[in-house]
Amino acid sequence: MKKILLTITLLLSAGVVFAETKSVASPNGQLTVTINNEGGLLTYAVQYAGKQMLEPSQLGLTANAGNFATGLTLTSAEEKRIDQHYQLRTAKASAIHYVANELNLNCVNADKKQMTVTFRVSDNDIAFRYSFPQTGERACMIIDGEATSFKLPAHTTTFICPQSKAMVGWMRTKPSYEEEYTPDAALNAKSRYGEGYTFPCLFRVGNDGWVLISETGTGGNYAGCHLSDYSPSRGYQIAFPMPGEADGWGTTTAGFALPGETPWRTITVGSTLKPIVETTVACDVVEERYPASQQYKPGRYTWSWIIWQDNATVYDDQVKFVDLAAEMGYEYCLVDGLWDKQIGRSRIEELSRYARSKGVSLLLWYNSNGFENDAPQGPKNCMNTAVARKREMAWMKKIGVKGIKVDFFGGDKQHTMQLYEDILSDANDYGIQVIFHGCTLPRGWERMYPNFVASEAVLASENVYFSKHHAEREAFQLTMHPFCRNTVASMDWGGTMMNRYMSRDNKSRHQRLTTNVFEMTAALMNQTSMQGIAMCPNNLSELSQTELDFLKLVPTVWDETRYIDGYPGRYAVLARRTGNNWFVTGMNAGEQPLKLTLQLPMLAGQTVDYYTDEKGQTVLKQLKIGKNGQAKIVMQPNGGIILKNTSR
């Protein structure tokens, strides 16, 4: 088909239309998106550094207002430059400068109804969405499905996580983004459960580079989406929630008022993993939904449940974990499920008073809803309606509780996404921070909701407790997430575990197979502004002073994050900065010691603290970084390293 430059117009029966091809490039010119209209089918393709990273992939959607996937005609285009500065408290970087070129493509469908496709292209990120005006008497719109697809080159391999079936797993609480990743898989491999893949999805395009696909800006305004299984003809396609989610209740479609727009689909591209790890696109293109009611405090929390489990949610045991938090200088103690029955509200008030006398604030666990799954733990029916939420949150504010962890959502239908947003909004009114578990992926929520802390949405630390299999996979999982799950959103892994055995007595059940340095590293590698340090009281006498001193100083707020080295599922090395202090953190999931020469220009010529594994023990040394910024290190199997330029 002959491609016609944008500057030429064609006079058709529909009137004057713009040419069939349009391109928009990144500010540095390395990343280019080319949009093409072939017989009414709108497609886009992506090149980076002259290499094809996405082949022509379809755009559009279908709705009750009409078909916007076929029969499209381009009518006009506008370009502008985006140049924004913003601050974040709870993400991988604190001060962000977002520069992008924006292209708005206006088109009409066969019925002359309007749609705009907006692309924003920064040096390594693409974000695009659809928007619709209000015309005539129609003031709302229901989206039945999207034609949006992502067709990767045939030599691509995948690092992706399957979507589970609906209403399966423990007490029918899935999907909850807690399946196992498969690294280096073939592009045409079928998903494990036949339901596609959850965001984010990481791809290696041979030797040409990496692509990370996700979405952002989804709150109560849309359904949470995922990717379909791969099709040779179209690639992956945006998939809506499964009908069985929420026990079959609620629609799988999405709706909004007009004028309105969909969330953003995001694509991060790089010749190395550096842009993947360092991207901030999930927050770059969204806006704050409401202002913070107060300045929220980040920090560390102790948590009895991960090792001591349900029986520890009693008053005397929680006092032990409050005391542990106070001894370590931590800000919070999380009281898990069943506290309503096993402690009771009056004694929770007493526990909160005791904690505050020690300089510690409580976080309380809640079940998310009353009827969409069978999870029995309480408190239940406190978060699923506005009346119950506000009553509960007023009580928490009165007794000094500073945060909640809300669990067991199990779905991405729009009404469930609205529940997340409503919990966050109401909690902000009462000065309460929010962590979600058994939940969906956050989609730009750190910027959208100022009291949002993190979500689980990952096969997390509790599984290391539950089975030897997951203990054996811990190092693999935690060297995957810096390149996929945790790079798009804050992640509540659930805690740095320092017990050697997965039991209260630290002598029985199966062992933790990672080294202590690995676990210390996890507190830096897993990014969240409220970090779970899942120590137990016995660790105070079992750990070395070197280990205790380090765990007391773990920061949770970062001004900058840099990729240093790694490969998903094998090893990872990142550098994070807070103020003037750098922490270089590394993990090795391999079976052999890993010798690396790290490029650390930010530490060139400095002598730094070097935490490493030697003969199964944590050793603190001094390491001189070369004037050229190079540092030679060794990471043991299931072990790690930490370099820091802070004073001890």
Side-chain angles (χ1 to χ4, degrees), residues 89-90 217-224 246 250 256-257 286-298 301 332 334-337 339-340 345 348-349 352 361-373 375 377-457 489-490 492 528-530:
R89 179 188 64 91
T90 58
T218 312
N221 57 318
Y222 212 73
F256 48 74
V286 301
E287 297 178 351
E288 187 178 82
R289 294 283 173 91
Y290 51 76
S293 64
Q294 60 184 272
Q295 185 173 348
Y296 291 104
K297 185 178 181 180
Y301 66 85
Y332 302 103
L334 171 60
V335 183
D336 212 82
W339 60 261
D340 56 327
R345 290 179 178 272
I348 282 289
E349 295 183 15
S352 181
S361 298
L362 296 187
L363 312 174
L364 295 183
W365 184 98
Y366 283 87
N367 198 323
S368 73
N369 57 63
F371 70 92
E372 293 185 12
N373 60 61
Q377 290 93 333
K380 296 181 69 173
N381 301 310
C382 296
M383 291 292 140
N384 57 316
T385 67
V387 171
R389 272 195 306 275
K390 292 177 180 179
R391 179 172 59 240
E392 195 74 9
M393 290 173 178
W395 171 73
M396 283 188 277
K397 180 179 180 179
K398 177 182 176 182
I399 69 171
V401 171
K402 297 299 183 182
I404 53 177
K405 184 172 87 171
V406 190
D407 209 339
F408 303 134
F409 288 84
D412 286 336
K413 291 180 178 178
Q414 189 169 356
H415 76 270
T416 305
M417 304 304 289
Q418 184 68 61
L419 178 61
Y420 287 110
E421 185 169 83
D422 290 347
I423 290 171
L424 286 160
S425 178
D426 286 348
N428 181 63
D429 291 343
Y430 294 92
I432 293 171
Q433 300 182 83
V434 182
I435 300 170
F436 292 118
H437 267 225
C439 59
T440 194
L441 177 77
R443 295 162 166 88
W445 293 359
E446 292 90 340
R447 191 177 183 192
M448 292 162 64
Y449 311 114
N451 58 323
F452 170 75
V453 175
S455 292
E456 185 182 32
S490 299
D492 192 62
T528 171
S529 64
M530 197 176 284

In Å and rounded to the nearest 0.5 Å, what is the [atom1] to [atom2] distance from [X] to [Y]?
{"X": "S455", "Y": "E446", "atom1": "OG", "atom2": "CD", "answer": "8.0 Å"}
{"X": "R391", "Y": "C382", "atom1": "CZ", "atom2": "SG", "answer": "7.5 Å"}
{"X": "N221", "Y": "Q418", "atom1": "CG", "atom2": "CD", "answer": "8.5 Å"}
{"X": "L363", "Y": "K402", "atom1": "CG", "atom2": "NZ", "answer": "11.0 Å"}
{"X": "Y332", "Y": "I435", "atom1": "OH", "atom2": "CD1", "answer": "9.5 Å"}
{"X": "L419", "Y": "T385", "atom1": "CG", "atom2": "OG1", "answer": "9.5 Å"}

Subject >> Donor + acceptor pair across side chains of N451, Y290 (<3.5 Å) >> reply: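 Their side chains do contain a donor-acceptor pair, which is all the 3.5 Å distance test asks for.
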Subject >> Modelled atom types, side-chain donor and acceptor of E421 and W445, under 3.5 Å >> reply: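 Note: E421 and W445 side chains miss the donor-acceptor criterion.
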Original post:
Among F409, F436, F408, W339, which residue meets the ring-ring contact (aromatic ring centres under 6.0 Å, His included) test with Y366?
Top reply: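 Of the listed residues F409, F436, F408, W339, the ring-ring contact (aromatic ring centres under 6.0 Å, His included) partner of Y366 is W339.
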Nearest heavy-atom neighbours spanning [X] and [Y]:
{"X": "E372", "Y": "T416", "result": "OE1-OG1, 3.8 Å"}
{"X": "M530", "Y": "V453", "result": "CB-CG1, 3.4 Å"}
{"X": "T528", "Y": "S490", "result": "CA-CB, 4.3 Å"}
{"X": "N381", "Y": "A388", "result": "O-CB, 3.5 Å"}

Original post:
Considering the options T440, T218, V406, which one meets the side chain to side chain contact (heavy atoms under 4.5 Å, CB included) requirement together with Y420?
Top reply: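 Passing option: T440.
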Subject >> Test side chain to side chain contact (heavy atoms under 4.5 Å, CB included) applied to I432 and I404, V401, D426, the passing residue >> reply: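 So the option named by the test is I404.
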Using side-chain heavy atoms (C-beta onward) and a distance below 4.5 Å, is [X] in contact with [Y]?
{"X": "M383", "Y": "M393", "value": "yes"}
{"X": "Y449", "Y": "S425", "value": "no"}
{"X": "R89", "Y": "P450", "value": "no"}
{"X": "T90", "Y": "F452", "value": "no"}

**OP:** Answer yes or no: is there an ion pair linking K405 with D336, defined by an N-O contact shorter than 4.0 Å?
**Re:**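 A salt bridge is present here (some side-chain N lies under 4.0 Å from a carboxylate O).
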Subject >> Any donor-acceptor N/O pair, Q433 side chain to G403 backbone, under 3.5 Å >> reply: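 Not at all, since once roles are kept as given, no pair shorter than 3.5 Å links the two residues.
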Subject >> Test log, rule side-chain contact (heavy atoms from CB on, under 4.5 Å), inputs R289 and L424 >> reply: CA-CA 10 Å; R289 294 283 173 91; L424 286 160; over 6 Å; no
